[in-house]
Amino acid sequence: MRLFIGSDHAGFSLKEQVRAHLEREGHDVVDVGTHAEESVDYPDYARLVAEAVASGDAEYGVLVCGSGLGMAIAANKVEGVRAVQLMDTEMARMARMHNNANVVTLAGRYTEPDTAYAIVDTFLGTAFEGGRHQGRVDKISALEHKA
Ligand code: RB5
């Protein structure tokens, strides 16, 4: 899969580890940064990853900040993006099956690497169920257009 990944300084370490894991799993990963521990602003990286997903350049996005929360809030401002902050694999399954989420955000300060690997693997490996959930996701899209 073609993925975009990004983080701020608080997510940098986990982002590096998750990127390496995703590459080991055979994914095509574009890393938009940050590339160092210096303080940066998470919305800048959320925007780069979210816009890649929204344009179709990436199938999915992965974002890491300290809590994952700011990244989710920012990414969800981009039309077509459904970003979810995940702490466990069960919610990763639900986010894909019911919500057709296309961006996962992780908490660099609270999530261990092995847990993060399991979350992203589950997220990427779970299909959207469609059916009754499609209409609900369509209603989320309608909110973006004030329809
Ligand atoms: C940075 O200190 C922190 O606020 C940021 O990484 C993130 O957790 C925001 O939601």
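In each ligand, atom 1 is the first atom listed, and ligand 1 is the first ligand listed.
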*asked:* Just to confirm my output: which protein heavy-atom neighbour is closest to atom 7 (C) of ligand 1, and how far is it?
replied: C65 SG, 3.3 Å

_From CA spacing to verdict: side-chain contact (heavy atoms from CB on, under 4.5 Å), H9, E38_ = CA-CA 6 Å; H9 53 287; E38 281 86 54; over 6 Å; no

*Sub-4.0 Å protein heavy atom near atom 10 (O) of ligand 1*: yes

*Can you tell me which residue pairs pass the side-chain hydrogen bond (donor to acceptor under 3.5 Å, both in side chains) test with a partner in residues 14-25, sequence neighbours excluded?*
S13-Q17, K15-D31, E16-R19, R19-D31, H21-D121

_M71 near ligand 1 by a heavy-atom separation under 4.0 Å_ = no

_Proximal atoms of ligand 1 relative to G66 (non-hydrogen, under 4.0 Å)_ = 5 (C), 6 (O), 7 (C), 8 (O)

*Taking side chain as C-beta onward, heavy atoms only, is M1 less than 4.5 Å from L124?*
yes

*Report yes if D8 has an N/O atom closer than 3.5 Å to an N/O atom of ligand 1; otherwise report no.*
yes

*What is the closest protein heavy atom to atom 3 (C) of ligand 1, and at what distance does it sit?*
R109 NH1, 3.9 Å

*How would you list all residue pairs meeting side-chain hydrogen bond (donor to acceptor under 3.5 Å, both in side chains) that involve residues 66-91, not counting sequence neighbours?*
E79-H145, E90-R93

_Numbered atoms of ligand 1 (with element) below 4.0 Å of A10, judged on heavy atoms_ = 6 (O)

*Taking the side chain as every heavy atom from C-beta outward, state whether L143 and K139 have any atom pair closer than 4.5 Å.*
no

*N/O to N/O below 3.5 Å, does that happen between L69 and ligand 1?*
no

*Let me know which of F4, F128, F123 forms a ring-ring contact (aromatic ring centres under 6.0 Å, His included) with Y60.*
F123

*Select one of side chain, backbone, both or neither to describe which atoms of S67 lie under 4.0 Å from any atom of ligand 1, heavy atoms only.*
both

*asked:* Does any part of the side chain of P113, heavy atoms only, come nearer than 4.5 Å to the side chain of L14, both counted from C-beta?
replied: yes

